[in-house]
*Asks:* 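Okay, handing you the structure first.
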Amino acid sequence: MASSNAMFGAMSARRIHDGLAAKEFSAAEVASAVLSQAERLDEDVHAFLEMTPDLAADAAQAVDAAIADGTFADQGPLAGVPIAYKDNMNLIGTHTTCSSNMLADYVSPYTATCVERTLQAGMIPVGKLNMDEFAFGSSTETSAFGPTRNPWDLSRVPGGSSGGSAAAVAAGLVPATLGSDTGGSIRQPAAFCGVVGIKPTYGMVSRYGIVAFGSSLDQVGPFARTVEDAAWVLNAISGHDSRDCTSQANATDFAANLGAGVKGMKIGVVPAFMEAAGLTAEVKAKVQDAIAKLEAAGADIVEVELPNAAAAMSAYYVLGPCEAFSNLARFDSVRYGYCDPGHADLGGQYEASRAKGFGDEARRRIMLGSYLLSSGVYDTYYYPAQQIRTLITQDYVRAFEQVECLVTPVSPRTSFKFGEIGDPTEMYLSDMFTISINIVGYGGMSLPVGLGADTGLPVGVQLIAPAFKDENMLRVAAELEREYGSAPVAPDFAPEGGDAL
Ligand code: GLN
(Lines give C-alpha, C1' and ligand atoms only; values in the text may rest on other atoms or scores of the structure.)
Protein backbone atom coordinates (compact mmCIF):
# COMPACT_ATOMS: atom_id res chain seq x y z
CA MET A 1 0.00 0.00 0.00
CA ALA A 2 1.52 3.32 -1.06
CA SER A 3 1.51 5.96 1.63
CA SER A 4 -0.75 8.91 0.97
CA ASN A 5 2.26 11.17 0.62
CA ALA A 6 3.51 9.18 -2.40
CA MET A 7 4.55 11.56 -5.20
CA PHE A 8 1.62 10.83 -7.47
CA GLY A 9 2.41 13.92 -9.53
CA ALA A 10 5.76 12.33 -10.41
CA MET A 11 4.13 9.10 -11.61
CA SER A 12 2.95 8.38 -15.11
CA ALA A 13 -0.75 8.15 -15.90
CA ARG A 14 -0.23 4.44 -16.53
CA ARG A 15 1.31 3.93 -13.08
CA ILE A 16 -1.55 5.79 -11.40
CA HIS A 17 -4.12 3.87 -13.42
CA ASP A 18 -2.59 0.52 -12.51
CA GLY A 19 -2.31 1.48 -8.85
CA LEU A 20 -5.96 2.50 -8.74
CA ALA A 21 -7.05 -0.68 -10.52
CA ALA A 22 -5.04 -2.77 -8.02
CA LYS A 23 -6.53 -0.73 -5.11
CA GLU A 24 -3.02 0.21 -3.98
CA PHE A 25 -4.39 3.69 -3.32
CA SER A 26 -7.63 5.57 -3.90
CA ALA A 27 -8.37 8.47 -6.24
CA ALA A 28 -9.12 10.61 -3.18
CA GLU A 29 -5.59 9.91 -1.90
CA VAL A 30 -4.13 10.80 -5.27
CA ALA A 31 -6.08 14.05 -5.41
CA SER A 32 -5.27 15.24 -1.91
CA ALA A 33 -1.59 14.26 -2.11
CA VAL A 34 -1.12 16.02 -5.45
CA LEU A 35 -2.79 19.18 -4.17
CA SER A 36 -0.83 19.35 -0.93
CA GLN A 37 2.48 18.59 -2.65
CA ALA A 38 1.79 21.08 -5.42
CA GLU A 39 0.99 23.71 -2.84
CA ARG A 40 4.29 23.12 -1.05
CA LEU A 41 6.62 22.65 -4.02
CA ASP A 42 5.03 25.32 -6.17
CA GLU A 43 6.26 28.07 -3.86
CA ASP A 44 9.53 27.89 -5.77
CA VAL A 45 8.16 27.21 -9.23
CA HIS A 46 4.96 29.29 -9.34
CA ALA A 47 3.35 27.15 -12.02
CA PHE A 48 -0.13 27.39 -10.47
CA LEU A 49 -2.36 30.44 -10.36
CA GLU A 50 -5.24 28.63 -8.69
CA MET A 51 -5.85 25.21 -7.20
CA THR A 52 -9.22 23.51 -7.37
CA PRO A 53 -9.52 21.20 -4.33
CA ASP A 54 -13.33 21.01 -4.45
CA LEU A 55 -13.48 20.06 -8.12
CA ALA A 56 -10.66 17.57 -7.55
CA ALA A 57 -12.45 15.97 -4.59
CA ASP A 58 -15.69 15.61 -6.59
CA ALA A 59 -13.90 14.00 -9.53
CA ALA A 60 -11.93 11.69 -7.25
CA GLN A 61 -15.09 10.62 -5.49
CA ALA A 62 -16.67 9.59 -8.80
CA VAL A 63 -13.58 7.54 -9.68
CA ASP A 64 -13.53 5.87 -6.28
CA ALA A 65 -17.23 5.03 -6.67
CA ALA A 66 -16.42 3.38 -10.01
CA ILE A 67 -13.62 1.41 -8.38
CA ALA A 68 -16.02 0.31 -5.64
CA ASP A 69 -18.81 -0.76 -8.01
CA GLY A 70 -16.52 -2.51 -10.46
CA THR A 71 -16.98 -0.10 -13.41
CA PHE A 72 -13.48 1.46 -13.22
CA ALA A 73 -12.15 -0.74 -16.01
CA ASP A 74 -14.72 0.76 -18.43
CA GLN A 75 -13.53 4.30 -17.81
CA GLY A 76 -10.37 4.35 -19.89
CA PRO A 77 -6.74 4.84 -18.83
CA LEU A 78 -6.99 8.40 -17.54
CA ALA A 79 -9.61 7.94 -14.83
CA GLY A 80 -8.17 9.18 -11.56
CA VAL A 81 -5.15 10.87 -13.19
CA PRO A 82 -4.59 14.50 -12.09
CA ILE A 83 -4.43 17.26 -14.68
CA ALA A 84 -4.12 21.06 -14.68
CA TYR A 85 -4.91 23.63 -17.36
CA LYS A 86 -3.31 26.71 -18.83
CA ASP A 87 -5.18 29.73 -17.53
CA ASN A 88 -6.63 30.65 -20.91
CA MET A 89 -8.98 27.64 -20.66
CA ASN A 90 -12.41 28.00 -19.12
CA LEU A 91 -13.30 25.64 -16.29
CA ILE A 92 -16.59 26.58 -14.72
CA GLY A 93 -16.27 28.34 -11.39
CA THR A 94 -12.52 28.96 -11.69
CA HIS A 95 -10.75 32.16 -12.63
CA THR A 96 -9.60 32.32 -16.24
CA THR A 97 -7.18 35.23 -16.14
CA CYS A 98 -4.87 34.65 -19.12
CA SER A 99 -2.30 35.95 -16.59
CA SER A 100 -3.61 39.45 -17.24
CA ASN A 101 -4.88 42.20 -14.97
CA MET A 102 -7.52 42.65 -17.64
CA LEU A 103 -9.15 39.37 -16.55
CA ALA A 104 -7.96 39.18 -12.93
CA ASP A 105 -11.54 38.91 -11.66
CA TYR A 106 -13.06 36.91 -14.50
CA VAL A 107 -14.73 33.67 -13.40
CA SER A 108 -15.54 31.06 -16.05
CA PRO A 109 -19.29 30.68 -16.58
CA TYR A 110 -18.78 27.46 -18.57
CA THR A 111 -16.15 24.82 -19.36
CA ALA A 112 -14.02 24.59 -22.52
CA THR A 113 -14.60 21.48 -24.62
CA CYS A 114 -11.03 20.20 -24.23
CA VAL A 115 -11.25 20.60 -20.46
CA GLU A 116 -14.68 18.98 -20.39
CA ARG A 117 -13.30 15.99 -22.29
CA THR A 118 -10.57 15.43 -19.73
CA LEU A 119 -13.25 15.46 -17.04
CA GLN A 120 -15.35 12.99 -19.04
CA ALA A 121 -12.26 10.76 -19.14
CA GLY A 122 -12.31 10.78 -15.33
CA MET A 123 -9.24 13.01 -14.90
CA ILE A 124 -8.92 14.96 -11.66
CA PRO A 125 -8.72 18.74 -12.21
CA VAL A 126 -6.23 20.20 -9.75
CA GLY A 127 -5.82 23.76 -10.98
CA LYS A 128 -5.02 26.50 -13.46
CA LEU A 129 -1.53 27.34 -14.66
CA ASN A 130 0.53 30.45 -15.25
CA MET A 131 1.32 31.69 -18.76
CA ASP A 132 2.56 34.70 -20.66
CA GLU A 133 -0.16 37.35 -20.69
CA PHE A 134 -2.75 36.32 -23.30
CA ALA A 135 -0.13 33.81 -24.54
CA PHE A 136 2.16 36.54 -25.91
CA GLY A 137 5.70 35.50 -25.12
CA SER A 138 8.31 32.78 -24.86
CA SER A 139 9.33 32.97 -21.20
CA THR A 140 6.23 33.39 -18.98
CA GLU A 141 7.86 36.67 -17.88
CA THR A 142 4.91 38.68 -19.21
CA SER A 143 2.47 37.15 -16.70
CA ALA A 144 0.87 39.93 -14.65
CA PHE A 145 1.08 37.63 -11.63
CA GLY A 146 4.82 36.99 -11.64
CA PRO A 147 6.87 34.56 -13.71
CA THR A 148 7.05 30.78 -13.47
CA ARG A 149 10.54 29.41 -12.78
CA ASN A 150 12.18 26.50 -14.56
CA PRO A 151 12.35 23.49 -12.18
CA TRP A 152 15.74 22.55 -13.66
CA ASP A 153 17.24 25.89 -12.62
CA LEU A 154 15.09 28.36 -10.73
CA SER A 155 17.09 31.31 -12.07
CA ARG A 156 15.94 30.44 -15.58
CA VAL A 157 12.69 30.78 -17.51
CA PRO A 158 10.47 27.75 -18.22
CA GLY A 159 9.79 29.02 -21.74
CA GLY A 160 6.38 30.19 -22.82
CA SER A 161 3.75 31.00 -23.27
CA SER A 162 2.58 27.73 -21.63
CA GLY A 163 5.39 27.95 -19.06
CA GLY A 164 3.24 26.91 -16.09
CA SER A 165 1.97 23.86 -17.98
CA ALA A 166 5.51 22.68 -18.77
CA ALA A 167 7.02 23.50 -15.37
CA ALA A 168 4.25 21.75 -13.40
CA VAL A 169 4.97 18.51 -15.25
CA ALA A 170 8.76 18.91 -15.07
CA ALA A 171 8.60 19.44 -11.29
CA GLY A 172 6.48 16.31 -10.88
CA LEU A 173 3.56 18.32 -9.49
CA VAL A 174 1.12 16.68 -11.90
CA PRO A 175 1.50 13.98 -14.58
CA ALA A 176 -0.26 15.90 -17.35
CA THR A 177 -1.36 19.41 -18.27
CA LEU A 178 -2.92 21.21 -21.21
CA GLY A 179 -1.41 24.18 -23.01
CA SER A 180 -2.01 26.12 -26.20
CA ASP A 181 0.35 26.82 -29.08
CA THR A 182 0.04 29.66 -31.57
CA GLY A 183 3.69 29.89 -32.64
CA GLY A 184 5.51 27.48 -30.36
CA SER A 185 3.93 27.90 -26.93
CA ILE A 186 3.64 24.20 -26.19
CA ARG A 187 6.80 22.96 -27.89
CA GLN A 188 9.31 25.59 -26.71
CA PRO A 189 8.44 25.36 -22.98
CA ALA A 190 8.34 21.56 -23.28
CA ALA A 191 11.90 21.71 -24.65
CA PHE A 192 13.09 24.16 -21.97
CA CYS A 193 11.60 22.04 -19.17
CA GLY A 194 12.49 18.63 -20.63
CA VAL A 195 8.97 17.23 -21.03
CA VAL A 196 6.83 15.95 -23.90
CA GLY A 197 4.63 18.62 -25.50
CA ILE A 198 2.32 18.14 -28.48
CA LYS A 199 0.81 20.76 -30.76
CA PRO A 200 -1.62 18.67 -32.76
CA THR A 201 -2.75 19.46 -36.29
CA TYR A 202 -4.95 22.55 -36.47
CA GLY A 203 -8.51 21.29 -36.12
CA MET A 204 -7.60 18.20 -34.10
CA VAL A 205 -8.71 19.71 -30.79
CA SER A 206 -11.64 22.06 -30.26
CA ARG A 207 -10.74 25.57 -29.12
CA TYR A 208 -14.24 26.26 -27.80
CA GLY A 209 -13.80 27.90 -24.41
CA ILE A 210 -10.14 28.85 -24.94
CA VAL A 211 -9.41 32.57 -24.96
CA ALA A 212 -8.40 33.20 -28.58
CA PHE A 213 -5.04 34.71 -29.60
CA GLY A 214 -4.60 33.93 -33.31
CA SER A 215 -7.67 32.05 -34.47
CA SER A 216 -6.06 30.66 -37.63
CA LEU A 217 -3.02 29.46 -35.64
CA ASP A 218 -4.13 28.45 -32.11
CA GLN A 219 -4.22 24.81 -31.15
CA VAL A 220 -4.52 23.03 -27.80
CA GLY A 221 -2.35 20.10 -26.76
CA PRO A 222 -0.99 18.05 -23.87
CA PHE A 223 2.18 18.04 -21.80
CA ALA A 224 3.33 14.85 -20.04
CA ARG A 225 6.51 13.00 -19.10
CA THR A 226 5.85 9.98 -21.31
CA VAL A 227 4.80 9.77 -24.94
CA GLU A 228 2.07 7.31 -24.00
CA ASP A 229 0.58 9.64 -21.39
CA ALA A 230 0.57 12.49 -23.90
CA ALA A 231 -1.05 10.23 -26.52
CA TRP A 232 -3.76 9.21 -24.06
CA VAL A 233 -4.57 12.82 -23.24
CA LEU A 234 -4.65 13.64 -26.94
CA ASN A 235 -7.05 10.76 -27.45
CA ALA A 236 -9.31 12.25 -24.79
CA ILE A 237 -9.35 15.85 -26.04
CA SER A 238 -9.34 15.42 -29.83
CA GLY A 239 -12.27 15.13 -32.19
CA HIS A 240 -15.13 17.11 -33.63
CA ASP A 241 -17.00 19.67 -31.58
CA SER A 242 -20.01 21.39 -33.12
CA ARG A 243 -19.10 24.54 -31.17
CA ASP A 244 -15.75 24.99 -32.98
CA CYS A 245 -16.27 25.04 -36.75
CA THR A 246 -12.57 24.35 -37.35
CA SER A 247 -12.61 21.09 -35.40
CA GLN A 248 -12.52 17.82 -37.30
CA ALA A 249 -13.76 14.34 -36.59
CA ASN A 250 -10.99 12.02 -35.51
CA ALA A 251 -10.98 8.29 -35.07
CA THR A 252 -7.25 7.88 -34.48
CA ASP A 253 -5.96 6.08 -31.42
CA PHE A 254 -2.71 7.97 -30.90
CA ALA A 255 -1.37 5.33 -28.55
CA ALA A 256 -1.93 2.44 -30.99
CA ASN A 257 1.29 2.77 -32.98
CA LEU A 258 3.79 3.63 -30.29
CA GLY A 259 5.47 0.25 -30.37
CA ALA A 260 5.73 0.09 -34.16
CA GLY A 261 9.33 1.36 -34.38
CA VAL A 262 10.73 3.36 -37.28
CA LYS A 263 12.17 0.61 -39.47
CA GLY A 264 11.64 1.58 -43.10
CA MET A 265 10.03 4.89 -42.16
CA LYS A 266 11.07 7.87 -44.25
CA ILE A 267 12.10 10.65 -41.90
CA GLY A 268 13.12 14.08 -43.18
CA VAL A 269 15.79 16.47 -42.01
CA VAL A 270 16.00 20.12 -43.10
CA PRO A 271 19.66 21.11 -43.73
CA ALA A 272 18.87 24.84 -43.67
CA PHE A 273 17.42 24.51 -40.15
CA MET A 274 20.53 22.71 -38.94
CA GLU A 275 22.73 25.52 -40.30
CA ALA A 276 20.52 28.36 -39.02
CA ALA A 277 22.27 31.30 -37.38
CA GLY A 278 21.64 31.26 -33.65
CA LEU A 279 21.35 27.47 -33.32
CA THR A 280 23.71 26.59 -30.47
CA ALA A 281 26.26 23.81 -30.85
CA GLU A 282 24.79 21.75 -27.99
CA VAL A 283 21.25 21.79 -29.40
CA LYS A 284 22.53 20.98 -32.87
CA ALA A 285 24.56 18.06 -31.49
CA LYS A 286 21.52 16.65 -29.71
CA VAL A 287 19.34 16.85 -32.81
CA GLN A 288 22.07 15.18 -34.87
CA ASP A 289 22.33 12.48 -32.23
CA ALA A 290 18.57 11.86 -32.37
CA ILE A 291 18.72 11.63 -36.16
CA ALA A 292 21.59 9.15 -35.92
CA LYS A 293 19.62 7.05 -33.46
CA LEU A 294 16.61 6.96 -35.76
CA GLU A 295 18.82 5.93 -38.65
CA ALA A 296 20.36 3.17 -36.52
CA ALA A 297 16.84 2.03 -35.65
CA GLY A 298 16.15 1.50 -39.35
CA ALA A 299 14.65 4.80 -40.51
CA ASP A 300 15.47 6.11 -43.94
CA ILE A 301 16.78 9.66 -43.42
CA VAL A 302 15.97 12.00 -46.30
CA GLU A 303 17.05 15.62 -46.76
CA VAL A 304 14.18 17.95 -47.66
CA GLU A 305 14.07 21.66 -48.49
CA LEU A 306 11.64 24.19 -47.08
CA PRO A 307 12.83 27.20 -49.08
CA ASN A 308 10.20 29.63 -47.83
CA ALA A 309 10.25 28.62 -44.16
CA ALA A 310 12.77 31.36 -43.36
CA ALA A 311 9.98 33.88 -44.03
CA ALA A 312 7.65 32.24 -41.48
CA MET A 313 8.77 34.50 -38.63
CA SER A 314 8.02 37.65 -40.63
CA ALA A 315 4.65 36.34 -41.76
CA TYR A 316 3.74 35.29 -38.20
CA TYR A 317 4.54 38.69 -36.73
CA VAL A 318 2.07 40.17 -39.21
CA LEU A 319 -0.69 37.55 -39.04
CA GLY A 320 -0.42 36.90 -35.29
CA PRO A 321 -0.77 40.53 -34.15
CA CYS A 322 -3.57 41.17 -36.67
CA GLU A 323 -5.57 38.26 -35.31
CA ALA A 324 -4.70 39.15 -31.71
CA PHE A 325 -5.78 42.76 -32.28
CA SER A 326 -9.16 41.55 -33.55
CA ASN A 327 -9.64 38.95 -30.81
CA LEU A 328 -8.65 41.30 -27.99
CA ALA A 329 -11.14 43.96 -29.05
CA ARG A 330 -13.72 42.29 -26.80
CA PHE A 331 -11.75 43.28 -23.70
CA ASP A 332 -13.21 46.76 -23.72
CA SER A 333 -14.30 47.08 -20.05
CA VAL A 334 -17.95 46.71 -21.07
CA ARG A 335 -18.29 43.29 -22.68
CA TYR A 336 -15.31 41.82 -20.85
CA GLY A 337 -12.43 42.88 -18.74
CA TYR A 338 -11.17 45.38 -16.21
CA CYS A 339 -13.23 48.55 -15.97
CA ASP A 340 -11.40 51.63 -14.79
CA PRO A 341 -13.81 53.55 -12.55
CA GLY A 342 -14.83 57.18 -12.62
CA HIS A 343 -14.96 58.05 -16.32
CA ALA A 344 -17.73 60.31 -17.56
CA ASP A 345 -17.28 59.40 -21.23
CA LEU A 346 -17.13 55.92 -22.77
CA GLY A 347 -14.04 56.70 -24.86
CA GLY A 348 -12.12 57.68 -21.74
CA GLN A 349 -13.26 54.51 -19.97
CA TYR A 350 -12.14 52.30 -22.88
CA GLU A 351 -8.80 54.00 -23.11
CA ALA A 352 -7.97 53.93 -19.41
CA SER A 353 -9.24 50.38 -18.90
CA ARG A 354 -7.22 48.97 -21.79
CA ALA A 355 -4.14 51.00 -20.87
CA LYS A 356 -4.23 49.72 -17.29
CA GLY A 357 -5.55 46.22 -17.98
CA PHE A 358 -3.01 45.13 -20.59
CA GLY A 359 0.72 44.72 -20.00
CA ASP A 360 3.47 45.95 -22.32
CA GLU A 361 3.67 42.95 -24.65
CA ALA A 362 -0.11 42.76 -25.08
CA ARG A 363 -0.20 46.48 -25.88
CA ARG A 364 2.67 46.04 -28.34
CA ARG A 365 0.77 43.28 -30.21
CA ILE A 366 -2.48 45.27 -30.23
CA MET A 367 -0.83 48.40 -31.58
CA LEU A 368 1.05 46.37 -34.19
CA GLY A 369 -2.14 44.64 -35.33
CA SER A 370 -4.07 47.88 -35.41
CA TYR A 371 -1.41 49.49 -37.60
CA LEU A 372 -1.02 46.49 -39.90
CA LEU A 373 -4.76 46.30 -40.58
CA SER A 374 -5.16 50.01 -41.25
CA SER A 375 -6.04 51.03 -44.76
CA GLY A 376 -3.05 51.38 -47.07
CA VAL A 377 -0.82 49.37 -44.76
CA TYR A 378 -2.94 46.22 -45.12
CA ASP A 379 -1.88 45.70 -48.76
CA THR A 380 1.78 46.10 -47.88
CA TYR A 381 1.93 43.62 -45.03
CA TYR A 382 -1.17 41.53 -44.35
CA TYR A 383 -1.85 40.47 -47.90
CA PRO A 384 1.78 39.47 -48.67
CA ALA A 385 1.94 37.62 -45.34
CA GLN A 386 -0.99 35.50 -46.48
CA GLN A 387 0.79 34.85 -49.79
CA ILE A 388 3.89 33.75 -47.89
CA ARG A 389 1.65 31.48 -45.86
CA THR A 390 0.57 29.75 -49.06
CA LEU A 391 4.18 29.37 -50.24
CA ILE A 392 5.28 27.84 -46.94
CA THR A 393 2.32 25.47 -47.02
CA GLN A 394 3.33 24.35 -50.52
CA ASP A 395 6.85 23.69 -49.22
CA TYR A 396 5.52 21.41 -46.50
CA VAL A 397 3.13 19.65 -48.88
CA ARG A 398 6.09 18.87 -51.16
CA ALA A 399 8.30 17.77 -48.25
CA PHE A 400 5.65 15.37 -47.03
CA GLU A 401 5.39 13.79 -50.47
CA GLN A 402 8.85 12.42 -49.65
CA VAL A 403 8.72 11.71 -45.91
CA GLU A 404 6.33 10.77 -43.11
CA CYS A 405 7.86 12.88 -40.35
CA LEU A 406 10.46 15.66 -40.00
CA VAL A 407 13.07 16.01 -37.25
CA THR A 408 14.33 19.52 -36.40
CA PRO A 409 15.41 21.55 -33.39
CA VAL A 410 12.58 23.00 -31.24
CA SER A 411 14.32 26.08 -29.97
CA PRO A 412 17.75 27.33 -31.05
CA ARG A 413 19.02 27.22 -27.47
CA THR A 414 18.29 25.94 -23.98
CA SER A 415 16.53 27.99 -21.31
CA PHE A 416 17.79 31.51 -20.61
CA LYS A 417 18.00 33.47 -17.36
CA PHE A 418 15.31 35.89 -16.25
CA GLY A 419 15.82 39.25 -17.86
CA GLU A 420 18.57 37.87 -20.12
CA ILE A 421 16.56 38.65 -23.26
CA GLY A 422 15.22 42.18 -23.05
CA ASP A 423 14.81 42.91 -26.75
CA PRO A 424 11.39 41.69 -27.97
CA THR A 425 12.66 40.82 -31.44
CA GLU A 426 15.39 38.63 -29.94
CA MET A 427 12.72 36.91 -27.81
CA TYR A 428 10.69 36.28 -30.97
CA LEU A 429 13.60 34.22 -32.36
CA SER A 430 12.88 31.57 -29.71
CA ASP A 431 10.22 30.28 -32.07
CA MET A 432 12.24 30.28 -35.31
CA PHE A 433 11.79 26.51 -35.77
CA THR A 434 8.24 26.18 -34.46
CA ILE A 435 6.31 29.02 -36.08
CA SER A 436 6.13 27.64 -39.62
CA ILE A 437 4.20 24.62 -38.30
CA ASN A 438 1.43 26.89 -37.01
CA ILE A 439 1.49 28.77 -40.32
CA VAL A 440 0.72 25.53 -42.18
CA GLY A 441 -1.38 23.98 -39.39
CA TYR A 442 0.46 20.65 -39.26
CA GLY A 443 1.26 18.64 -36.15
CA GLY A 444 4.45 19.33 -34.20
CA MET A 445 5.80 18.09 -30.90
CA SER A 446 8.78 18.42 -28.63
CA LEU A 447 10.46 15.34 -27.24
CA PRO A 448 13.15 15.59 -24.54
CA VAL A 449 16.47 14.03 -25.57
CA GLY A 450 18.61 14.66 -22.52
CA LEU A 451 20.78 17.57 -21.42
CA GLY A 452 22.91 19.92 -23.49
CA ALA A 453 26.65 19.32 -23.24
CA ASP A 454 27.44 22.98 -22.49
CA THR A 455 24.61 24.19 -20.25
CA GLY A 456 23.46 20.89 -18.71
CA LEU A 457 19.87 21.97 -19.39
CA PRO A 458 17.12 20.00 -21.18
CA VAL A 459 17.07 19.91 -24.97
CA GLY A 460 14.10 18.90 -27.10
CA VAL A 461 13.86 17.74 -30.67
CA GLN A 462 10.90 18.72 -32.76
CA LEU A 463 8.99 16.09 -34.68
CA ILE A 464 6.61 17.30 -37.38
CA ALA A 465 3.82 15.34 -39.05
CA PRO A 466 1.58 16.18 -41.99
CA ALA A 467 -1.99 17.31 -41.35
CA PHE A 468 -4.03 14.73 -39.43
CA LYS A 469 -1.15 12.26 -39.43
CA ASP A 470 -0.05 13.18 -35.91
CA GLU A 471 0.34 9.48 -35.17
CA ASN A 472 3.46 9.55 -37.38
CA MET A 473 5.34 11.89 -35.05
CA LEU A 474 4.15 10.00 -31.98
CA ARG A 475 5.52 6.80 -33.42
CA VAL A 476 8.92 8.43 -33.96
CA ALA A 477 8.74 10.01 -30.49
CA ALA A 478 8.11 6.63 -28.90
CA GLU A 479 11.19 5.23 -30.65
CA LEU A 480 13.33 8.10 -29.38
CA GLU A 481 11.87 7.69 -25.91
CA ARG A 482 13.05 4.08 -25.92
CA GLU A 483 16.53 5.40 -26.74
CA TYR A 484 16.68 8.30 -24.30
CA GLY A 485 14.29 7.18 -21.57
CA SER A 486 11.14 9.00 -20.58
CA ALA A 487 11.35 12.53 -19.24
CA PRO A 488 12.71 12.63 -15.69
CA VAL A 489 11.34 14.93 -13.02
CA ALA A 490 13.78 17.84 -12.58
CA PRO A 491 16.49 16.65 -10.13
CA ASP A 492 15.71 19.06 -7.29
CA PHE A 493 12.09 17.92 -7.34
CA ALA A 494 12.58 14.22 -7.98
CA PRO A 495 11.12 11.97 -5.30
CA GLU A 496 13.58 9.86 -3.39
CA GLY A 497 14.14 6.48 -4.94
CA GLY A 498 13.42 7.61 -8.50
CA ASP A 499 10.41 8.66 -10.48
CA ALA A 500 8.19 5.65 -9.83
CA LEU A 501 7.06 5.74 -13.43
N1 GLN B 1 6.22 33.09 -28.59
C2 GLN B 1 5.25 33.28 -29.63
C3 GLN B 1 4.58 34.61 -29.46
O4 GLN B 1 4.90 35.29 -28.53
C5 GLN B 1 4.25 32.18 -29.64
C6 GLN B 1 3.25 32.29 -28.57
C7 GLN B 1 2.25 31.19 -28.58
O8 GLN B 1 2.43 30.18 -29.24
N9 GLN B 1 1.16 31.43 -27.89
O10 GLN B 1 3.75 34.98 -30.24
Side-chain angles (χ1 to χ4, degrees), residues 85-89 98-100 129-143 147-148 157-166 177-193 197-202 205 207 210-223 278 312-328 358-369 372 385 410-413 415-416 421-446 460 462:
Y85 311 97
K86 186 174 182 177
D87 209 29
N88 59 355
M89 301 181 178
C98 292
S99 291
S100 178
L129 299 161
N130 202 10
M131 55 186 279
D132 277 299
E133 185 179 10
F134 283 103
F136 303 137
S138 302
S139 65
T140 318
E141 289 171 290
T142 70
S143 168
T148 296
V157 304
S161 64
S162 312
S165 304
T177 58
L178 295 186
S180 63
D181 188 313
T182 308
S185 277
I186 291 175
R187 291 159 287 163
Q188 184 256 17
F192 276 20
C193 291
I198 303 177
K199 183 209 87 77
T201 298
Y202 182 82
V205 181
R207 288 98 41 86
I210 312 297
V211 180
F213 162 0
S215 300
S216 77
L217 304 157
D218 297 343
Q219 185 58 199
V220 174
F223 290 86
M313 180 77 67
S314 312
Y316 174 84
Y317 276 99
V318 175
L319 301 174
C322 289
E323 295 189 16
F325 161 72
S326 308
N327 276 320
L328 268 55
F358 289 126
D360 287 349
E361 187 60 29
R363 284 208 296 272
R364 187 174 295 122
R365 306 279 175 124
I366 291 167
M367 287 191 290
L368 200 54
L372 291 166
V410 179
S411 166
R413 55 169 297 175
S415 169
F416 43 87
I421 300 188
D423 174 6
T425 48
E426 201 186 322
M427 185 73 84
Y428 298 168
L429 291 175
S430 286
D431 300 308
M432 60 196 279
F433 300 119
T434 50
I435 273 177
S436 63
I437 323 303
N438 300 77
I439 298 270
V440 304
Y442 287 9
M445 68 182 286
S446 177
Q462 180 171 232

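Whatever order the structure lists ligands and atoms in, that order sets their numbers, starting from 1. When a residue number appears, it is its place in the shown sequence, counting from 1. What's counted below: heavy atoms across the whole structure, side chains too, no hydrogens, waters or symmetry copies.
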*Asks:* Tell me, please, which residues at least two apart from Y202 pass ring-ring contact (aromatic ring centres under 6.0 Å, His included).
*Replies:* none
*Asks:* If the condition is salt bridge (Lys or Arg N to Asp or Glu O under 4.0 Å), which residues does E361 pass it with, not counting sequence neighbours?
*Replies:* R364, R365
*Asks:* Write out the protein residues near ligand 1, meaning a non-hydrogen atom under 4.0 Å from one of its atoms, in order of chain and number.
*Replies:* A135, F136, G137, S138, S161, D181, T182, G183, G184, S185, F213, Y316, Y317, R365, D431
*Asks:* Does any part of the side chain of Y317, heavy atoms only, come nearer than 4.5 Å to the side chain of I435, both counted from C-beta?
*Replies:* yes
*Asks:* Would the F134 and F358 ring centres measure less than 6.0 Å apart?
*Replies:* yes
*Asks:* Could you state the interatomic distance from CG (D132) to OG (S138), rounded to the nearest 0.5 Å?
*Replies:* 7.0 Å
*Asks:* So, using salt bridge (Lys or Arg N to Asp or Glu O under 4.0 Å) as the criterion, who are the partners of D181 when residues are at least two apart?
*Replies:* R187
